[in-house]
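First up is the structure itself, then whatever we jot down about it.
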Amino acid sequence: MCWRSWQAFREPEGTAQRPKHVERRKPIRSVGLILSIALLAACAEGLGDGSATTTAPDGEPTSTTGSPPVPLCDDTGYPAAPDDWYRDTPIYVGNEMPTEEIQTFASTLEGYETIWIDRDHHGWVSVGFVDRDVRAYQEMLETEFPGVGVVAVEMERTEGELEQIAQLIGSRLPAGMEVWDVYGARGVVEVFVGLLTPERIAMAEAAIGGEPACLVGQDPATTPLPGPQPAGGDGWAYLGEAEFFVAEHPVVVTDDSVLTDMWQKAGITSGAPEVDFTKQVVLALRILHSSSCPVTRLDEIVFLKDAVDVLIVDINDGRACTADGVTRTYFAAVNRDQLPSPPFRISNSSGYDAMVEVDLRDPAAVVGPDDITPVPPETERVAMVPDFVDVGFPWPATLDPSCGTEYLGEISGVSWYRSDGLNDLPPEWDAATVDGLLDVEMVMTEGPEPTLTVTAAGVGILYLPGADEGPACE
């Protein structure tokens, strides 16, 4: 559900060449291994005034040893104009607002800094100025763009000033910390601290010394610590790895010649390891990782009653990872006498598993073509309404009909209500509901009066924007 933050701040084509840019939120650094390819998106909601006390991932306040507290970057927000400068209309649900025209005009004004799209205020365009009378500029914008949703917003610093602050902070930071970015419109410098422990946060706060900054890092409760590849553990041994595609599902090797062939195809320069196949079998485990985050590690193999679980972790220091997929294959020897009785499942971190139907505890047992069955990734079906919907494109969603149909939720920064005011479930929707959930398709239109049509079982319901957020539904 982190789509809106990335999509809502997209830059319309053609604006990238302007002297100032339409600022959009940047993706949060990933700390999980990219094992299935999906769009990485920024999950920060951008709410708050930046004055919250810095907290560790467990929510406990940190000790700052007397230094001013620094917020987490997820908790920093964009500045806004006074409330009475906003109107109920227009409501923008896509990129239909005249961003380029506003940017071209605003860039000629003294003190102009940047613009951004504010999805918390009906998608209006915010124009940031430094050290200027924004009320006077607001009147100019309203005169130049009558009926358009645009506001002048006061900013504390220029991006150039923030760049200087970034250099100052960077010169003070201890080893293992660094300045990652400058958020111009939000007025802060992004500082990577590594593990978000109270001690490291306090060190960062001392180095920042009250300058406008925010912190980003990794949750120590869920982040694997850096370190070398383990040689093995109870019942297993690491043999090697290569950027080599074996199969989407785990492969079990019970023969020297097969292992040698795989080893050579993998391009591993050392000879294939010697394995006593009467006592061990070899698992070839394929994963996907981002090309920009290449550091992974086989941490553990656990033998359960009906499964062999393989844990492969990402140790890329929380850097931003691209969404491409690069294959890697790990080879590990496992003891036959610790394997479960068949059938048992080999669970790989990539989500592509396999069921083994032969009893590999027998020293003479081999795996034939019919003895291992791929198991595709399981997808849990849950109620999910997207945070952002591209205009004009069918968009899938899954609803919980028990919540009623009068209020759909907040999508693209707008609350949506049935145009007819009804709350009953159409009979066709009721018949299409499976296990309490209904798969639907959404199509949004933009314009002075945007609409959202939700269709299931051939029956569509029209939704219109509403002023307030509707009631919560458990």
Mind checking ring-ring contact (aromatic ring centres under 6.0 Å, His included) for Phe303 and listing every partner two or more places apart, or none if nothing turns up?
-> none

With sequence neighbours excluded, residues passing side-chain contact (heavy atoms from CB on, under 4.5 Å) with Asp234 | Gln338

State plainly whether the residues Asp439 and Arg381 are in salt-bridge range, i.e. N to O under 4.0 Å.
-> yes

Show your reasoning for whether side chain to side chain contact (heavy atoms under 4.5 Å, CB included) applies to Trp395 and Met444.
-> CA-CA 9 Å; Trp395 214 263; Met444 184 179 289; over 6 Å; no

Tightest non-hydrogen contact, residues Ser341 and Arg361, listed as CB-NH2, 3.2 Å

Do any pairs count as a ring pair (Phe, Tyr, Trp, His ring centres under 6.0 Å) and have a residue in residues 256-280, sequence neighbours left out, and if so which ones?
-> Trp263-Phe331

Residues passing the ring-ring contact (aromatic ring centres under 6.0 Å, His included) test with His122, sequence neighbours excluded, are none

Could you list the donor-acceptor pairs under 3.5 angstrom formed by side chains in residues 305-312, with sequence neighbours left out?
from   : atom 1 : to     : atom 2 : distance (Å)
Asp309 : OD1    : Ser347 : OG     : 3.2

Option among Asp435, Val434, Val440 that satisfies the side-chain contact (heavy atoms from CB on, under 4.5 Å) test with Leu438 = Val440

Validation row: Val356, Asp371 side chains within 4.5 angstrom (heavy atoms) = no

Could you check Glu300 against Trp236 for side-chain hydrogen bond (donor to acceptor under 3.5 Å, both in side chains), going step by step and ending with a plain yes or no?
-> CA-CA 8 Å; Glu300 188 61 85; Trp236 68 278; 2.8 Å; yes

Measuring from Leu437:CG to Met384:CE, what's the distance to the nearest 0.5 Å?
-> 11.0 Å

Give a yes or no answer on whether the side chain of Arg172 reaches the backbone of Gln167 with a donor-acceptor pair at less than 3.5 Å.
-> no

Parallel, tilted or perpendicular: rings of Trp180 and Phe192 (30°, 60°) = parallel

In Å, rounded to the nearest 0.5 Å, how long is the span from CD1 of Ile115 to CD1 of Ile102?
-> 6.5 Å

Could you tell me which residues satisfy salt bridge (Lys or Arg N to Asp or Glu O under 4.0 Å) with Lys265, sequence neighbours excluded, listed by chain and number?
-> Asp261

Least distance between heavy atoms, Gly184 atom then Met155 atom | O-CE, 3.2 Å

Would Thr329 and Arg286 count as having a side-chain donor-acceptor pair, cut-off 3.5 Å?
-> no

Note: Arg297 and Pro224 closest approach over all heavy atoms is NH2-CB, 3.9 Å

Is the side chain of Glu96 donor-acceptor paired with the backbone N or O of Gly94 at a distance under 3.5 Å, no angle test?
-> yes

Taking it one step at a time, do Gln164 and Leu168 satisfy side chain to side chain contact (heavy atoms under 4.5 Å, CB included)?
-> CA-CA 6 Å; Gln164 294 179 352; Leu168 175 63; over 6 Å; no

Write down the atom of Glu243, the atom of Val326, and the distance for their closest heavy-atom approach.
-> OE1-CG1, 3.7 Å

Taking atom types as modelled and ignoring hydrogens, do the side chains of Trp416 and Glu410 form a donor-acceptor contact shorter than 3.5 angstrom?
-> no

Measuring from Arg157:CZ to Glu163:CD, what's the distance to the nearest 0.5 Å?
-> 13.5 Å

Drop me the distance from Gln280's CD to Asp337's CG, to the nearest 0.5 angstrom.
-> 9.5 Å

Option among Gln229, His289, Arg328 that satisfies the side chain to side chain donor-acceptor pair (under 3.5 Å) test with Thr296 | Arg328

